[in-house]
Protein chains: 2
Amino acid sequence: MDKKYTIKDIAQMAGVSKGTVDRVLHNRGKVSPAALEKINEVLNVIDYEPNLIARNLKSTKVYRICVLLPDPVFDPYWLPCVNGIQDAITEYKAYNVIIETHYFNPESTKSFLKVHETIITQSPDAVLLAPLFHKETVEIIKQYDELGIMVNTFNNQVESSSIKSFVGQDLYKSGRVAASLMNLILPKGQIAIIHIDESLKNAVHMQEKERGFRSYFEEKNLPDFSVTTLKLKYSNIETKLPAFINENPDLSGIFITTSKAYQIASTLFNLTDKKIALIGYDLIDKNVSFLNQGLVHFLIHQNQKRQAYLGVSTLVEHFLFRKDIPETILLPIDIINVENASFYVS
Amino acid sequence: MDKKYTIKDIAQMAGVSKGTVDRVLHNRGKVSPAALEKINEVLNVIDYEPNLIARNLKSTKVYRICVLLPDPVFDPYWLPCVNGIQDAITEYKAYNVIIETHYFNPESTKSFLKVHETIITQSPDAVLLAPLFHKETVEIIKQYDELGIMVNTFNNQVESSSIKSFVGQDLYKSGRVAASLMNLILPKGQIAIIHIDESLKNAVHMQEKERGFRSYFEEKNLPDFSVTTLKLKYSNIETKLPAFINENPDLSGIFITTSKAYQIASTLFNLTDKKIALIGYDLIDKNVSFLNQGLVHFLIHQNQKRQAYLGVSTLVEHFLFRKDIPETILLPIDIINVENASFYVS
DNA sequence: AAAAAAAGTGTGTTCGAGCACATTTTTTGT
DNA sequence: ACAAAAAATGTGCTCGAACACACTTTTTTT
């Protein structure tokens with residue numbers, strides 16, 4: 001029934017040579033109408049699937065995929081991505097694929113553009129990038145487009161018609177998930193949404209989460225809750241956070257929209273008199289440590305490792321196996337507490 | 001640097017023929033000490049990785065893998081497994097692998113053994129099975145062992161020295177996760193652990209979850225809570241559950257250790273006066289529906305689809321790529337509420 | 001020392017797709 | 001009608017591992 005047919009089989013059945021079958025399969029022309037019909041007849045009856053192993057053995061073409069990633073030295077948030085990419089390298093090492101990671105400084109658009117230039121000189125077949133900077137991203141994607149280089153993005157969703165594919169998470173929904181958990185922890189009180197980030201590069205990111213978070217409380221129409229937004233930087237947490245807490249004695253929960261929950265937790269740790277529920281993002285070591293100490297209640301797992309892995313692997317499989325690249329892959333919003341955290345840290 | 005060396009390359013470098021290199025690589029003997037040393041010298045310098053594509057192209061051996069699975073007709077719990085296996089079939093269809101699913105009636109050890117007989121006649125290279133029945137499982141695994149058929153298990157952990165590998169979840173920990181969530185929902189009160197199952201085949205399964213659940217509350221030493229266990233069957237829920245609720249007016253939470261939370265939820269739905277928190281297992285349609293209605297607070301996702309997929313794929317990759325089969329693969333304990341459920345249903 | 005056996009080594013084919021090139025057939029131009 | 005050009009078709013090699021088999025060298029036996 002499900003016998004595997006080869007080009008040779010088809011040639012035999014149609015009474016032609018495998019060269020002719022090959023020309024039909026690849027629309028290479030130079031085939032007489034008579035031969036074309038005979039072969040098509042056979043193709044309509046059986047269902048032919050080319051042997052991908054044989055194809056990839058023959059092909060000498062080496063595919064080059066470059067990843068444009070913030071240097072984890074500047075922000076450990078990106079560390080899991082390196083592992084995800086490493087997984088992809090291991091998985092596809094048998095094939096003619098070169099996967100290269102190029103780091104840039106997440107605080108510097110210049111660095112971003114400079115690394116982009118380096119990548120251009122490599123003339124890769126595809127690029128996976130974390131589009132931290134909106135304007136610059138649109139710009140460089142235009143360049144890749146002109147050069148016929150395929151582009152995939154992950155982590156940040158950038159609205160641009162030239163971006164065809166994205167791997168990430170629904171940030172709005174993740175904000176809602178955080179809200180639903182906060183609603184469970186707290187019976188009432190004031191909740192602060194805190195955005196901590198050195199630059200504004202994550203602005204959209206954080207706003208989407210805030211929007212989702214607020215939408216939940218607005219929808220549920222809970223009069224016992226109030227939601228406030230606060231923007232902080234690493235340098236001013238130590239002063240501004242205690243001040244904010246003093247000014248808002250009702251404050252009972254904080255939702256941190258970035259991976260910097262540990263910064264809030266360590267500051268709160270010193271203000272021993274307060275019991276405030278914390279919900280943040282990402283299973284970086286410091287966050288997990290505070291989770292285990294009970295100072296952070298929940299973390300939402302953005303699974304950067306898998307994001308990066310999928311970002312690369314969809315590209316690789318596109319080249320090797322002609323698979324379609326999905327427009328958007330949205331990873332599940334994993335809810336992490338102290339009891340299940342160990343299964344997610346990688 | 002990371003040039004890919006072929007057998008031919010090695011032969012050239014060592015000054016011998018590829019046949020001799022091949023004999024060394026496969027320990028096939030018939031190699032002079034002199035040649036052996038020359039080749040080993042080369043192998044020590046470079047790092048040779050055989051091209052798996054070429055290897056699999058050549059090999060005409062067809063691997064047959066049988067899956068022994070409860071028929072989803074009897075219990076929709078098993079439906080996702082079918083999809084997971086289908087994914088594996090699609091993924092490996094290019095290779096010489098046949099993956100066959102054989103269903104048995106989960107209520108009948110006879111059916112289990114009969115399907116096992118059918119599988120034996122197929123003389124597969126490996127079997128993946130859901131070891132529902134302890135005694136019978138140990139028995140048939142002995143048979144497979146004698147026939148040199150590799151065995152992998154999933155879903156249920158069976159303690160037997162002859163089982164080498166298992167894909168599943170840490171049930172004890174999943175009970176703890178459920179407890180931690182219950183502790184969050186409820187300030188105090190009585191909690192019932194309800195085991196619903198037609199037969200006792202899941203006894204160990206359910207007990208592990210109970211043990212984990214209780215351990216959490218014992219550890220935290222929460223005097224405001226009490227935990228009771230209740231065993232039900234589908235046929236007596238309608239009578240026994242309302243009776244139990246009447247006898248226990250303090251009852252404020254129920255933890256259902258099987259995928260049958262929907263049966264409790266639909267019964268509670270009719271007892272409108274009570275507000276009881278429900279936590280159960282598995283994203284089957286009826287459970288998700290009650291989750292969306294707000295009658296079930298949390299579901300723990302056991303990810304059967306991925307369990308089945310991994311169960312098959314580790315076997316396939318063992319044969320095709322000589323990968324090791326991990327002794328145990330424990331999937332993460334996913335916490336699902338109404339806000340993130342949509343990302344997990346498949 | 002010659003014959004026989006054993007040990008060691010090299011060659012050539014296979015798997016299936018892809019493509020270059022050689023060969024055959026058909027069409028066009030004179 | 002015949003050569004030349006164009007179109008159609010077939011042949012054969014490649015990729016790398018695996019293995020059968022043929023061949024050569026060394027060792028053992030008589």
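Lettering of chains follows the sequences in order, A, B, ..., and the numbering in each one begins at 1. What you see below is based on every heavy atom in this structure, not just the backbone, and it leaves out hydrogens, waters and symmetry mates.
For the pair A/N56 (side chain) and A/L52 (backbone), a donor-acceptor distance under 3.5 Å is present.
Classification of B/K4 and B/D9 as a salt-bridged pair fails, no side-chain N sitting under 4.0 Å from a carboxylate O.
In the model, B/T6 has no side-chain atom that pairs as donor or acceptor with a side-chain atom of B/N51 under 3.5 Å. In this model, a donor atom of one side chain and an acceptor atom of the other lie less than 3.5 Å apart for B/Y344 and A/D334.
Annotation: salt bridge (charged side-chain N to carboxylate O under 4.0 Å, His left out) contacts involving residues 318-331 of chain A, sequence neighbours excluded, comprise A/E317-A/K323.
The distance between the ring centers of A/F112 and A/Y103 does not fall below 6.0 angstrom.
Taking each heavy atom of A/I119 and A/P124 in turn, the nearest pair found is O-CD, 3.3 Å.
The number of heavy-atom neighbours closer than 6.0 Å to CD of B/Q143, taken from other residues, nucleotides and ligands shown, is above 12. Applying the 6.0 Å contact sphere to CD of B/Q12 captures no more than 12 heavy atoms from other residues, nucleotides or ligands.
Between B/K4 atom NZ and D/dA17 atom P there is a gap of 11 Å when expressed in whole angstrom units.
First and last contacting nucleotides of DNA chain C toward chain A (any atom under 4.0 angstrom from a heavy atom, 5' to 3' order): C/dG16 to C/dC19.
Along DNA chain C, the nucleotide closest to B/L57 and the one closest to B/G15 are compared, and the more 5′ of them pairs with B/G15.
Near DNA chain C, meaning a heavy atom under 4.0 Å from it, residues 16-35 of chain A has A/K18, A/D22, A/H26, A/R28 in order of number. Less than 4.0 Å separates DNA chain C from no heavy atom of any residue of residues 37-52 of chain B.
For the helix from C/dA1-D/dT30 to C/dT30-D/dA1, the terminal axes (five pairs an end, C1' atoms, rotation from four pairs onto the next four) enclose an angle of 60°, given to 10 degrees.
Residues satisfying the ring pair (Phe, Tyr, Trp, His ring centres under 6.0 Å) test with A/H318, not counting sequence neighbours, are none.
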